[in-house]
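Okay, so here's the structure we're looking at.
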Amino acid sequence: MIERLQTGKRMSKIVKHNGVVYLCGQVGAGEGVTEQTKDCLSRIDKLLTDAGSDRAHILQAIVWLSDMADFAEMNAVWDDWVPEGYAPARACGEAKLAREVLKVEIIVTAATKA
């Protein structure tokens with residue numbers, strides 16, 4: 001069974017199937033990479049909770065940066081957020097994001113806790 005949560009016309013923020021949680025890409029508010037990354041990860045935390053999961057159950061993360069020069073700054077926030085011993089498979093690349101002010105977007109796939 002496929003379960004879609006927080007569904008709008010264009011997308012669902014959460015899709016659950018066979019114990020796997022797929023989140024739509026999350027961006028954050030703020031001026032710089034640090035602020036945007038923190039806000040983005042906070043949004044991911046909320047969606048994971050709503051989906052019956054958490055940081056320790058993340059399987060994969062895909063990180064898009066508008067400029068790879070921001071890689072170390074984003075990683076400083078990421079490293080504090082990921083629980084020790086629970087780092088997911090991850091990829092990071094540079095992409096033109098949906099709005100010029102956006103500096104980071106993160107897409108997460110996780111297992112449910114149950």
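No more than 12 heavy-atom neighbours from other residues, nucleotides or ligands sit within 6.0 angstrom of CE on Met11.
The OG1 atom of Thr34 sits 3.5 Å away from atom CD of Glu73, with the distance rounded to the nearest 0.5 Å. To the nearest 0.5 Å, atom OG of residue Ser53 and atom CD1 of residue Ile44 are 11.5 Å apart. Rounding to the nearest 0.5 angstrom, the gap separating the CG atom in Asp67 from the CE atom in Met74 is 12.0 Å. Here the straight-line distance linking atom CG of Leu65 with atom CG of Asp70 works out to 6.0 Å at 0.5 Å rounding. Interatomic distance, Ile62 CD1 to Thr109 OG1, rounded to the nearest 0.5 Å: 6.5 Å. Rounding to the nearest 0.5 angstrom, the gap separating the CG atom in Leu5 from the OG1 atom in Thr7 is 6.5 Å.
Comment: Arg55 engages Asp45 in a salt bridge, judged by a side-chain N to carboxylate O separation of less than 4.0 angstrom.
Listed here is the closest heavy atom pair of Lys113 and Asp54: CD-OD2, 3.4 Å. Of all the heavy atoms in Met68 and Gly93, the pair that sits closest is SD-C, 3.7 Å. Scanning both residues, Val104 and Gln36, for their nearest heavy atoms gives N-OE1, 3.7 Å.
Val15 and Leu47 fall into different hydrophobic clusters, where Ile, Leu, Val, Met, Phe, Trp and Tyr residues are linked whenever their side-chain heavy atoms come under 4.5 Å apart, directly or through other members. Hydrophobic clustering of Ile, Leu, Val, Met, Phe, Trp and Tyr side chains at less than 4.5 Å, counting indirect connections, keeps Leu48 apart from Ile107. Clustering ILVMFWY residues whenever any of their side-chain heavy atoms sit less than 4.5 angstrom apart, transitively, puts Ile106 in the very cluster that holds Trp81.
By the side chain to side chain contact (heavy atoms under 4.5 Å, CB included) test, Val82 pairs with Trp78, Ala87, Pro88, sequence neighbours left out. The salt bridge (charged side-chain N to carboxylate O under 4.0 Å, His left out) check on Asp39 picks up Arg43, with sequence neighbours excluded.
Here ring-ring contact (aromatic ring centres under 6.0 Å, His included) pairs that include residues 89-114, with residues two or more places apart or in two chains, number zero. Evaluation of the side chain to side chain donor-acceptor pair (under 3.5 Å) test over residues 87-102, restricted to residues two or more places apart or in two chains, returns Asn75-Arg90. Every pair tested for ring-ring contact (aromatic ring centres under 6.0 Å, His included) that includes a residue from residues 50-74 fails, sequence neighbours excluded, so the list is empty.
A donor-acceptor contact shorter than 3.5 Å is absent between the side chain of Gln6 and the backbone of Lys13.
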Please set out all donor-acceptor pairs under 3.5 angstrom arising from side-chain atoms of residues 16-31, sequence neighbours excluded.
{"residue": "Lys16", "atom": "NZ", "partner": "Ala51", "partner atom": "O", "Å": "3.0"}
{"residue": "Gln26", "atom": "NE2", "partner": "Cys24", "partner atom": "O", "Å": "3.4"}

